[in-house]
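Below: one structure, written as structure tokens.
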2 protein chains.
Amino acid sequence: MAPVLEAGPVRVSNTGMNVPMRREPPPPPSPSREIEAALRTGATTGIIGYRLRRAQLSVFQKFLSVFDELKLRPADYSVLVLIADNPGRKQTEIAEVLGVKRANFVTLVHGLEERGLVERIPSHADKRANALHLTAAGEAFLAHARAVHETMEQELIARLGGEKARKTLLDLLDRLT
Amino acid sequence: MAPVLEAGPVRVSNTGMNVPMRREPPPPPSPSREIEAALRTGATTGIIGYRLRRAQLSVFQKFLSVFDELKLRPADYSVLVLIADNPGRKQTEIAEVLGVKRANFVTLVHGLEERGLVERIPSHADKRANALHLTAAGEAFLAHARAVHETMEQELIARLGGEKARKTLLDLLDRLT
DNA sequence: CGGGCAAAGTTATAGTGGATAACCAATTGG
DNA sequence: CCAATTGGTTATCCACTATAACTTTGCCCG
């Protein structure tokens, strides 16, 4: 996350629009002494990519702390969910929808396999491929993880201002993707 | 670049709400042959963090391609903008508002300094600190970069559906941060 | 049918970003 | 004046991603 990352791009030539109209430096706060004047961040905070990055980092951060005990990272979780909903698929298929290079996906699945959550069953239809399945333990574990996640998700929705706001957000994010 | 990454957290116990109600496997498409059935991704795509991540990667990707010729990465750009709007600040201050560890900020600024865009002037008020400024070349470079970025930003706003949608997005992102 | 090409999985490797620890010089507060 | 803190720096380490190369297997097509 922090993701990230790489900070975001920025806005236009002169001043960003969320920059408070910048006429002249507002008179310094009460004691014009050396009071740590705040920085002008308007030009960066007006950037869509920048804000997107910060929000994403923040949400992932939260995910990491919530799932710390379960030793689950976001990528792990998404893999488990995807396998659960699409049992028997091959590695390449799961990797692709997640946007993970199949070479890197190997390590990911191996980790889950070693923890006894996932099984890689050699497909006899195609001897090159591995069909991915959750083990019984994996199912149980995921059920718990899903519950934990749902709590977090509801918390996020509440912060957004409700279900409608969530839909709006997802729609806007889609337009950027 | 792959999106994924670390995918996001997910939804609740049974099925995500954007998952089409999952009753039973809908009859396979026309030719029930081996037609690469699409994966069920509802449970992942309903996750706020996941969508946030995908959108952020997408936007950054675009930034990278647009700024490829200028050899500017998002972090570089944000640093230049911040220094331009807050000349004379010390490294620690700029680093902090960007959420960059001061140790890692060193490399960042050094790169910009070597390119002749930024100057680190030893402060005589505090002999430990470096006051950051843009060079004349840095100002000129940034003016160009800002113009390039503004074009990209407008393109993003258009995709969102206008200025109002942009404000809505930024507001929602703020609530998550 | 047989040869060539593509796909699935894997390994190895490199690059990048962020985090931590340790250190020096300088400053600040008692 | 001394202790604690701050600013900058270096050196490392870890996580994530990308690329290349290789093996096995499947598929197409002349």
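Note that the structure is predicted; figures quoted are calculated from it, not measured. In the text below, chain A, chain B and the rest are named by the order of the sequence lines, each starting its count at 1.
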> Taking the inter-plane angle between the rings of B/F63 and B/F60 on a 0 to 90° scale, is it parallel (under 30°), tilted (30 to 60°) or perpendicular (over 60°)?
Replying inline: tilted
> Starting at the 5' end of DNA chain D and moving along, which residue's nearest nucleotide shows up first, A/A125 or B/A129?
Replying inline: B/A129
>> What is the separation between atom CZ on B/F60 and atom C1' on C/dG17, rounded to the nearest whole Å?
In response: 12 Å
> Please give, in whole Å, the distance from C/dT16 C1' to B/L57 CG?
Replying inline: 14 Å
> What integer distance in Å separates A/R102:CZ from C/dT11:C1'?
Replying inline: 12 Å
> Closest heavy-atom contact between B/L142 and B/A84?
Replying inline: CD2-CB, 3.4 Å
> Given C/dA19, C/dG9, D/dT17, which nucleotide is nearest the side-chain atoms of A/N104?
Replying inline: D/dT17
> With distance as the sole criterion, do the side chain of B/R128 and the base of C/dA25 form a donor-acceptor contact below 3.5 Å?
Replying inline: no
> From the list D/dT10, D/dG26, C/dA19, which nucleotide is the closest neighbour of the side chain of A/K127?
Replying inline: D/dG26
>> Please tell me if B/R73 has a side-chain N or O lying less than 4.0 Å from either OP1 or OP2 of C/dG17.
In response: yes
>> In whole Å, I'd like the distance from the CG atom of B/L64 to the P atom of D/dT17.
In response: 15 Å
> Between A/Q91 and C/dT10, does any side-chain N or O lie under 4.0 Å from OP1 or OP2?
Replying inline: yes
>> Looking at D/dT6, I'd like to know if its phosphate oxygens (OP1 or OP2) sit under 4.0 Å from a side-chain N or O belonging to B/T92.
In response: no
> Only one of A/R89, A/K90, A/Q91 clears side chain to side chain donor-acceptor pair (under 3.5 Å) with A/N130; which?
Replying inline: A/Q91
> Of all the choices, D/dG7, C/dA19, C/dT10, which nucleotide is nearest to the side chain of A/R120 once you look at every atom?
Replying inline: C/dT10
>> With a 4.0 Å cut-off on N to O distance, would you call A/E96 and A/R102 a salt bridge?
In response: no
> Between A/I121 (CD1) and C/dG9 (C1'), how many Å, whole number?
Replying inline: 16 Å
> When you match A/D126 and B/D126 each to their closest nucleotide on DNA chain C, which lands nearer the 5' end?
Replying inline: A/D126
> Under 4.0 Å: is that the gap between some side-chain N or O of A/K101 and OP1 or OP2 of D/dT17?
Replying inline: no
> Can you tell which of C/dG9, D/dG8, C/dT10 lies closest to the side chain of B/N130?
Replying inline: D/dG8
> Once you round it to whole Å, what is the distance between C1' of C/dG17 and CZ of B/F105?
Replying inline: 15 Å
>> Would A/R115 pass as a cation-pi partner of A/F141, given that its NZ or CZ must be under 6.0 Å from the six-membered ring centre and within 45 degrees of the axis?
In response: yes
> NZ of A/K90 versus P of D/dG26: gap in Å, rounded?
Replying inline: 11 Å
> Between C/dA8 atom P and A/H110 atom NE2, what is the distance in whole Å?
Replying inline: 17 Å
> DNA chain D: A/H124 or A/A103, which has the more 5' nearest nucleotide?
Replying inline: A/A103
